[in-house]
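Small disclaimer: the values here were computed from a predicted structure and weren't measured. Letters go in sequence order (proteins before strands), and every chain restarts at 1. Worth knowing before you read on, the calculation uses all heavy atoms, side chains too, and leaves out hydrogens, waters and symmetry mates.
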There are 2 protein chains.
Amino acid sequence: MAATRQRATRQGGAVRDALHNAGGFRSAQDVYAVLRTNGDAVGLSTVYRHLQSLVDDGVVDVIHTPEGEATYRYCGDPGAGHHHHLVCRRCGHTVEIEGRAVERWASEIAREHGFAEVDHTVELFGLCPVCARAA
Amino acid sequence: MAATRQRATRQGGAVRDALHNAGGFRSAQDVYAVLRTNGDAVGLSTVYRHLQSLVDDGVVDVIHTPEGEATYRYCGDPGAGHHHHLVCRRCGHTVEIEGRAVERWASEIAREHGFAEVDHTVELFGLCPVCARAA
DNA sequence: CTATTTGCAAAGTATTTGCCACCAT
DNA sequence: ATGGTGGCAAATACTTTGCAAATAG
C-alpha cells in the first residue's frame with residue numbers, strides 16, 4: 001500500500017510536463033484541453049488520475065478556487081514542506097511564499113481556543129505585475 | 001437595481017433560522033435535510049437561492065471545503081467587515097477570528113511581489129475542545 | 001391584483017468509477 | 001505472460017435554471 005510508484009508512461013509525462021511549464025495553477029480541465037490541443041491526446045480521467053497521484057507524491061499542490069474548481073500546480077521537491085502561494089487571478093502565474101509568521105499565528109490562535117490538530121488554508125490571489133499593468 | 005429586498009416568506013425565514021442556530025458552517029444539502037426533518041418543507045433550489053441571497057446581503061459567509069462542497073455560516077452584521085474562521089472539521093462549530101497580523105502580512109507580501117488588488121483566503125480547520133476530547 | 005417566490009424536474013459542471021483493451025517490463 | 005495503465009462511457013454529487021403554480025403585500 002506504500003509508495004505506489006507509477007510506471008513511466010507517455011501520458012504521465014505529458015500531464016506532469018504540461019503542469020510544469022504552465023508555471024501556475026491550472027484546473028484538470030485546463031490541462032486536458034492543453035494536451036488535447038498539443039496533439040498529446042490523453043483521456044480526461046487519465047489526467048485526473050495522474051494529477052491525483054502527483055498530489056499524493058507531494059510533487060503537486062492543490063487549491064480550490066473560490067468557484068470550487070480544483071487547480072493544480074507543479075511544486076517540484078516533495079520534501080519542500082509546507083508553503084503558500086500568491087496567485088495571479090488573471091494568468092495563473094504563481095509565486096511560492098514562506099509563511100513562518102502565519103504558521104506561528106495559526107497555532108497561536110488554535111491553542112488559544114483549545115482546538116487540536118489544526119490545519120490551515122492560506123492563499124493570496126491578486127494581479128501579477130504584468131497583468132496589473134495590462135489592466 | 002439596488003438592494004433587491006426579498007419578501008418575507010416562511011421559507012426564507014426557515015433557511016435563515018436553520019443556518020443561524022446551526023452555529024457553524026453547513027452545506028446547502030445539510031440545511032435542506034434539517035428543514036425537511038423538522039417538517040419545514042422547503043425545496044432544495046429554494047434553499048440554494050436563499051443562501052445565495054444571504055451571501056449577497058453579506059449576512060452569510062461561504063467556505064468551500066477541501067471536498068469541494070460549499071458551506072455557509074450565519075455571521076450576522078453585514079458591516080462586520082473582513083474576518084476569518086476557526087472551524088471544527090468534525091462538528092462544524094465555528095469561532096470567528098480577527099487577523100490583523102495576517103492582513104498586514106498579506107499586503108506586505110503582495111507589495112513585495114508587485115501584485116495588485118490582492119485578496120486572501122485564510123481559514124483554520126481543526127477539532128474543537130469537545131470533539132477533541134471525544135476523539 | 002400583480003409581481004415575487006416556490007418547487008419540481010431537467011440541465012449543467014466537475015470529478016470518479018467500472019470495465020476491458022493495451023503496453024512496458 | 002501479466003499486472004499496472006489508459007480511455008471511454010456511465011455514474012455521482014453538487015448546484016443552477018426553466019417554467020407553471022402558489023403567495024405576499
query = What integer distance in Å separates B/Arg26:CZ from D/dC14:P?
reply = 16 Å
task = Nearest whole angstrom, please: distance from the C1' of D/dA22 to the CZ of B/Arg10.
result = 11 Å
ask   = Is there side-chain contact between A/His83 and A/Asp61, with heavy atoms separated by less than 4.5 Å?
value = yes
task = Rounded off to whole Å, could you give me the CD-to-C1' distance for the A/Glu67 and C/dT15 pair?
result = 17 Å
Side-chain donor-acceptor contact under 3.5 Å, A/Glu103 with A/His120 = yes
request  = Calculate the interatomic distance between B/Gln52 atom CD and C/dT5 atom P; express it in whole Å.
outcome  = 14 Å
ask   = Does A/Gln11 put a side-chain nitrogen or oxygen below 4.0 Å from OP1 or OP2 of D/dG7?
value = yes
task = Measure from CD on B/Glu69 to C1' on C/dA14 and round the result to the nearest Å.
result = 14 Å
ask   = For B/Ala8 and A/Tyr32, take the nucleotide of DNA chain D holding the closest heavy atom to each; which residue's nucleotide lies nearer the 5' end?
value = A/Tyr32
task = Can you tell me the distance, in whole Å, between the CZ atom of B/Arg7 and the C1' atom of C/dT6?
result = 12 Å
key: Side-chain heavy atoms of B/Gln29 within contact of B/Glu69, under 4.5 Å   = yes
ask   = Could you state the CZ-P distance from A/Arg16 to D/dT5, rounded to the nearest angstrom?
value = 13 Å
query = What is the distance from CD of A/Gln29 to P of C/dT16, rounded to the nearest Å?
reply = 11 Å
remark   = Residues of residues 40-51 of chain B with a heavy atom under 4.0 Å from any atom of DNA chain D, listed by number, are B/Leu44, B/Ser45, B/Tyr48, B/Arg49
query = Can you name the closest pair of heavy atoms from A/Phe25 and A/Val62 and give their distance?
reply = CE2-C, 4.3 Å
message = Looking at B/Arg73 and B/Glu96, is any side-chain nitrogen of the basic one under 4.0 Å from a carboxylate oxygen of the acidic one?
response = yes
query = Is there side-chain contact between B/Leu19 and B/Tyr72, with at least one heavy-atom pair below 4.5 Å?
reply = yes
